[in-house]
Amino acid sequence: MSHMNGYVQEASGQAKSHRERAVDCPGDESSLVKSPHSSAHMERIQHYQEELKKRREEDSRGKHDIDPNASLRLKKLSQNPKVGIDNPTFEGKEKVTKDAFLQDPVAELAELLQALKWAHHCLTDAQSQQDVELIMQLLAKEDFKNAYAIYIAVSQQMTSVIPTSPLTAQAEDLCQKVQKILQSSQHQEGLELNALLTNPHLQAHGSVAGQEIAEESLTQYIGETVKLVRLEKARDTPLGATVRNDMDSVLVSRVVKGGAAEKSGLLTEGDEILEINGTSIRGKHVNEVHDLLQQMQGTLTFLLIPSSQIKPAPHRQTVMHVRAYFDYDPSDDPFVPCRELGLSFQKGDILHVISQDDPNWWQAYRDGDEDNQPLAGLIPGKSFQQQRETLKKTITDRSPEHQGRLWYAKKNKRQKKKSTTTLSRNIDDDILTYEEMSLYHQPANRKRPIGLIGPTNSGHDELRRRLLSIEPEKFAVAVPHTTRTSRTHERNGREYHFVSRPGFETDLTAGKFIESGEYEKNLYGTSTDSARHVINSGRICMLCLHTRSLQVLRSSNLKPYVIFIAPPSQERLRSLLASDGKTPKPEELKEVIEKAREMEQNFGHFFDATIVNMDPDQAFHELRRLIDKLDTEPQWVPTSWLC
Ligand code: 5GP
C-alpha cells in the first residue's frame, strides 16, 4: 500500500519492504476544488461508460472474453450488470420496480372480484353477504377502476425513481434562453410554459444541481457510476490516503483521519482509481503511483470507480486515550502497512486513538501533538501488538541463555512453583501494550497519595521529611506495621501498628502492604489500609515506594501520583552527599546512577512525573508545584481506577 497524495500499498505478493508506503501528495482541505465538468473529462467519463456498455453488450451476446488487463471491478460489473457499482441497494430497488411493473390493475381487480364472489357464495349470514355485495359493486364501477389504474401507475413511477445526481447544472441558463424565445409568443401554451419557467423551485433546483455536480462530478450509467473528484494539492499538507494494488487495479486502501481526503469525504476506501490528471493508473504498481503523485502539483483530478463494498453504518467514533507501555518506531517495523504514516512514541506516552476501524493498525495522535500534526498516525492495534510481543517473548524465553532461568526473580519456592505452572497461561496478561486512560481531577476532600520513588541516596526520603516537617497539617505518613515489640513511649496505632510475625506475613501474602522490609530480624511495612486512613482524614499521604510497590498500588484504589526522584550526574551527586557529611566511593555513586537508569527503563511507564534532584531546594519547589497541580489540573489515570 502506498500513500496517495498520499500513500501507496504494494500488492502483498510483491511487497519488497512493506505493504503500504507513503506517496506524499500534500493536499489542503480548504483548497478542495468543486468545479463543474470540463468537456475533456466528460469525454473520458464517456469513454469508461462506453467500455462498460460494450462489455455488457458483449456479455449478453456471450462473446465477452475476460481481458486479464481489465479492471477486476469492471469485470465483475460486466458479469453482473444489474448490480450498481456503488449502490448496494440497487438490486432491492430494482426488485420493487419489477414487482410494480408486473402489476396489471385490470387483471388484479378481476381476480379480486372473483375472490369476493367465492366469499359471497360461502357466506351464510345475510349481513355479511350484503357487505360483500357492496364491495363488489364498488370494484365494478368504472370510476374506481380508473382511480386504481392511476394509483398503480403513480406508485410504479415512484418506486422506479431512484434519486440520482441532477441531469444538468445548467437548468437556469436553459430557462433563460427558452424564456427569451417565448417573450414574443402569444400562444396560451407559450404563456403557460413561461409561467412555469419562472417558478422559484426550478431556480432552486438549478443552484442545488450546480453544487452537487461540482462536489462529486458523479456520472451515472444504468446503475453504475464513475466518479470524478478534484482536489487542489497544497505543498506541505498530506492528503492522507493510501492506495494498494489489487491485481492490476489501484484501489484507495486507507483514508487517514485529519487529512484532506478524509475531511472532504470524496475518496473512499475501496474506490478504484482509473486516472489521475488524465494519466491512466490501471496496471501501475503502487510505487509508480507514488512517484507520479509526488511530481504532481496543483489540481488533482481523480477518475474513480466508487467502492462496491457495503459500507458499515457509520458508528460513533469515540476517542480512546491510552498510555503506551512500549516504545514504537515505525521506521524499525517491517510490518507497518505505511511507514510514512507510522507514529513513533515512547513508553509512557499518552496517545489519543481516534480510529480502530482497522483492528491491526489504529489511527492516533500523541498527546500534545494534535494541534501541530493535522494527520493522524498509524500505531499497532492492541491485540496485534500483544501477539507480536508474545511471539517475541516466546522466542527469547526459548533462547539458550534464558533456558533454566525464571522469568521473574521469585522470593520463595512456593511462589516459584506456582509461577512456573501458570507462565504459559498468563503470558498475554503479563504483556502490557496499552492501558486505557481517563482524565481524573482529585476531589478537594480526597487527595491522591504522593508516592516518591528512586534509588537510595537520590534524596526522595529527605524531600518527604522536609514536606512533612513544614506542613504537618497538610501532609502525613501512613502509620507503619512492625513485628517488633513496642517501646515504653510508643503507643499502638500512633508510632506503629504492633503485630505478630504470622499476622504480618499473612497480610503480606494477601498483598496488603504497599512496601515492606526487614530490619534486625523484625518486619516493617506500610499497609494500604494505613494509607487509606490518611486519605480519609483529608491529608495528603506521603509514601516512599519500592518498585515492587507499584503493582500493589496500581491494584489498590488509592490512585497514587508517582514521582520519580532521579539522581543528578555522578559529580553533582558526590558533592550533594558530601554536604550531608557522606563520603560515598565512586562505584557507589555509579551504582546509584545505574540503579536509577534501570528503574526508569523497567518502570518508567508507571511514573507520573520525574524530578532530577540537582539541587535540594529546586527539587523541593518542583515537588510542591507538582503536588499543587493536582488541585488545579486533571491528570491521566488508568480508566480501571475510575470504575
Ligand atoms: P525502629 O524500629 O528503630 O523504629 O526502626 C527501624 C528501621 O525500620 C528504621 O530504619 C526505619 O526506617 C525502618 N522502618 C520504619 N518503618 C518502616 C516501614 O514502614 N517500612 C520499612 N521498610 N521500614 C521501616
Side-chain angles (χ1 to χ4, degrees), residues 409-412 415 447-470 472 475-537 539-565 567 577 580-582 584 588 591-592 595-596 598-599 602-603 606-607 613 616 623:
K410 300 296 170 194
K411 275 189 161 176
N412 56 48
Q415 276 177 308
K447 308 277 186 165
R448 295 173 68 181
I450 306 295
L452 300 183
I453 188 165
T456 320
N457 281 327
S458 70
H460 60 286
D461 206 28
E462 288 73 13
L463 286 169
R464 181 175 78 147
R465 271 194 262 122
R466 187 165 166 187
L467 213 48
L468 290 166
S469 65
I470 292 176
F475 298 96
V477 288
V479 175
H481 285 60
T482 183
T483 57
R484 80 157 162 77
T485 48
S486 64
R487 294 171 188 149
T488 44
H489 65 279
E490 289 174 337
R491 228 189 313 142
N492 191 17
R494 192 176 65 189
E495 283 81 12
Y496 288 105
H497 295 289
F498 296 99
V499 291
S500 68
R501 194 171 183 106
F504 193 107
E505 282 174 347
T506 310
D507 284 355
L508 188 65
T509 315
K512 290 186 178 176
F513 284 101
I514 296 167
E515 60 78 41
S516 63
E518 191 157 4
Y519 181 77
E520 292 189 351
K521 296 190 177 160
N522 289 310
L523 296 172
Y524 293 84
T526 312
S527 73
T528 45
D529 280 348
S530 288
R532 197 167 290 114
H533 188 75
V534 176
I535 297 164
N536 292 344
S537 76
R539 284 175 299 169
I540 301 175
C541 182
M542 294 301 301
L543 301 163
C544 269
L545 307 175
H546 300 161
T547 50
R548 286 195 306 277
S549 319
L550 295 170
Q551 201 50 48
V552 180
L553 272 179
R554 276 169 59 76
S555 43
S556 71
N557 59 355
L558 299 178
K559 304 186 183 76
Y561 186 80
V562 179
I563 304 172
F564 180 58
I565 309 295
L577 292 174
D580 269 357
K582 295 177 186 166
E588 286 171 333
E591 204 181 305
V592 176
K595 179 87 184 127
E598 247 175 53
M599 286 171 99
N602 298 328
F603 300 95
F606 293 133
F607 305 156
N613 195 357
L623 178 61

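Order of appearance sets the numbers: ligands from 1, and atoms from 1 within every ligand. The structure displayed is predicted, hence computed values, not measured ones.
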What is the distance from atom OG of Ser556 to atom CZ of Arg532, rounded to the nearest 0.5 Å?
-> 6.5 Å

Take atom 3 (O) of ligand 1 and look for protein heavy atoms under 4.0 Å from it; say yes if you find one, no if not.
-> yes

Given the protein's heavy atoms, is any one of them under 4.0 Å from atom 11 (C) of ligand 1?
-> no

Can a protein heavy atom be found under 4.0 Å away from atom 17 (C) of ligand 1?
-> yes

Using atom types as modelled and distance alone, determine if a side-chain donor or acceptor of Thr526 lies under 3.5 Å from a backbone N or O of Glu515.
-> no

With a 4.0 Å cut-off on heavy atoms, is Glu518 touching ligand 1?
-> no

Checking heavy atoms under 4.0 Å, the part of Arg484 that sits near ligand 1 is side chain

Ligand 1 atoms in contact with Thr526 (distance to a heavy atom under 4.0 Å) | 19 (O)

Atom 24 (C) of ligand 1: the protein heavy-atom neighbour that sits closest, reported with distance to 0.1 Å = Tyr524 CB, 3.5 Å

re atom 19 (O) of ligand 1, the protein heavy-atom contact at minimum distance is Pro480 CB, 3.1 Å

Determine yes or no for a side-chain-to-main-chain donor-acceptor pair under 3.5 angstrom, with Arg539 supplying the side chain and Phe475 the backbone.
-> no

Reported OG1-to-OH distance for the pair Thr483 and Tyr524, which is rounded to 0.5 angstrom = 7.0 Å

Report the relative orientation of the aromatic rings in Phe607 and Phe564; use parallel for angles under 30°, tilted for 30 to 60°, perpendicular for over 60°.
-> parallel

A student comparing Tyr519, Tyr496, Phe513 should find that the heavy atom closest to atom 15 (C) of ligand 1 comes from Tyr496

N or O contact, Glu490 vs ligand 1, cut-off under 3.5 Å | no

Kindly check if the number of other-residue, nucleotide or ligand heavy atoms within 6.0 Å of NZ (Lys447) is above 12?
-> yes

Return yes when atom CD of Glu462 has more than 12 non-hydrogen atoms of other residues, nucleotides or ligands closer than 6.0 Å, and no otherwise.
-> yes

CZ (Phe606) and CG (Leu553) are apart, to the nearest 0.5 Å, by 11.0 Å

Between Glu515 and ligand 1, does any nitrogen or oxygen pair lie at a separation below 3.5 Å?
-> yes

With heavy atoms of Gly525 as the reference, note each atom of ligand 1 found under 4.0 Å away.
-> 18 (C), 19 (O), 20 (N)

